[in-house]
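To start, the structure under review is shown below, and the notes come after it.
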Protein chains: 2
Amino acid sequence: MKWHDLNADACPLARAMGVVGDRWTLLILRECFLGVRRFDGFQKRLGVTRHLLAERLKRLETMGVLERHPYQQRPLRHEYRLTPSGKSFAPVLLAMQDWAEHNLPSPTPTPFAFVTRDGGEEVEPVVTDRKSGQELTHRTVLMVPKPATGQSAADLPTTDRAEDAALARPTAK
Amino acid sequence: MKWHDLNADACPLARAMGVVGDRWTLLILRECFLGVRRFDGFQKRLGVTRHLLAERLKRLETMGVLERHPYQQRPLRHEYRLTPSGKSFAPVLLAMQDWAEHNLPSPTPTPFAFVTRDGGEEVEPVVTDRKSGQELTHRTVLMVPKPATGQSAADLPTTDRAEDAALARPTAK
DNA sequence: ATAATGAGTTCTAAAATAGAACCGACTCAG
DNA sequence: CTGAGTCGGTTCTATTTTAGAACTCATTAT
């Protein structure tokens, strides 16, 4: 399977991998959220090669996550800014950061924090259901194939699934 | 910069990229949440090469996200299951899926859904602050460098930052 | 005139990935 | 007992990606 095939995949997660499925892209977005906007800013802070950085920025632009904005003529220079799509990526960063902080320990402390814009207090991200407000974790939520429109979920282990559901649920514990 | 250096990075997001920073790993985890547990199950559903799949599973195991579990002797065979760390990755998947669904459109409908374990209703994931319950987006939350313990945030564009904050805040709009 | 800045592009070498074939330890059908 | 099939890999070569450094071009600063 080729890289580009992912962009057309039916699964949103696969399409997401077509955009952020590499070592650098998410870190570039992190820098965007930290306020970095220029080529050399990204390059110096990340240590990514200029070649790759140029390519990634181009991709993020064509995918509508960043947009280039001229900040001077003569010579013409652009800076990169988050589009609405890019800005709406923030919750993913929050969730990912929170997971990594709790599950991939490090001797050095986290070099940044998420704070409220008003107040400036540090936040603790939780994924919840908009309607019920219930916290969404592996214990409360289940991922199910949609046989809905069209195609197979045929090769999914149906017995294993039930087993798994039982296992993940706080049974006998 | 090499792959492996990421695992020791001070930034949790960088460390996360050391684990899920490639095209396949997140999709393997998706399959785990869908109940797939065996080598051939992953291979057939994802179309990833056996070589890479073996490597990724090994990495996920050593990073403590999956664990191997013998399901038969003679010949000895293992299946892969989510560890608590792996299970706690669910919110990231939720957030990512939601972002991609809203920002990377596709003609084909999403082939799976997240439903509550009790009830079975589809959920709509929102990232909120645990304490205040406030929804966390680019408008309500700000990512700030922590000059706290030790090192520099020196090369961050401080003026640009303020500008950016103003821009992202719903001012003059 | 010389150096520096900013945003790239262009090289070559090294690493990762794709794709297919192979292997070992079985089980099962005939 | 033979041959086909399953499962979970490993090994191989060919192709893509990535790393790392050097180079370009326009312009400003010294």
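Chain naming here is simple, since letters A, B, ... match the order of the sequence lines and numbering starts at 1 in each.
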OP1, OP2 of D/dA19 versus side-chain N and O of A/W24: anything below 4.0 Å? yes

Sorted by chain and residue number, the ring-ring contact (aromatic ring centres under 6.0 Å, His included) partners of B/F42 (sequence neighbours excluded) come out as none

Here the distance between atom C1' of C/dG8 and atom CG of A/L52, to the nearest Å, is 14 Å

So, is the end of the B/R38 side chain (NZ or CZ) under 6.0 Å from the ring centre of B/Y71 and within 45° of the ring's axis? yes

Residues passing the salt bridge (Lys or Arg N to Asp or Glu O under 4.0 Å) test with B/R130, sequence neighbours excluded, are A/E124, A/E135

In whole angstroms, the gap separating C1' of C/dG19 from CG of B/L53 amounts to 14 Å

A/F42 atom CZ is separated from C/dG8 atom P, nearest whole Å, by 11 Å

Sorted by chain and number, sequence neighbours left out, salt bridge (Lys or Arg N to Asp or Glu O under 4.0 Å) with A/E61 holds for A/R68

For B/S132, the side chain to side chain contact (heavy atoms under 4.5 Å, CB included) test, sequence neighbours excluded, returns B/D129, B/Q134

So the ring-ring contact (aromatic ring centres under 6.0 Å, His included) pairs with at least one residue in residues 78-108 of chain A (sequence neighbours excluded) are A/F89-B/W99, A/W99-B/F89

Rounded to whole Å, CD of A/Q43 lies from C1' of C/dG8 at a distance of 11 Å

Rounded to whole Å, the CD-C1' distance (A/Q72 to D/dA26) equals 10 Å

With sugar-phosphate taken as primed atoms, P, OP1 and OP2 and all else as base, the protein-contact string of nucleotides 5-12 of chain D at under 4.0 Å (heavy atoms; B, S, -) is --BBBBB-

Separation of C/dA18 atom P from B/L46 atom CG, nearest Å, is 11 Å

Would you say A/R56 reaches D/dT18's phosphate, i.e. side-chain N/O to OP1/OP2 under 4.0 Å?
yes

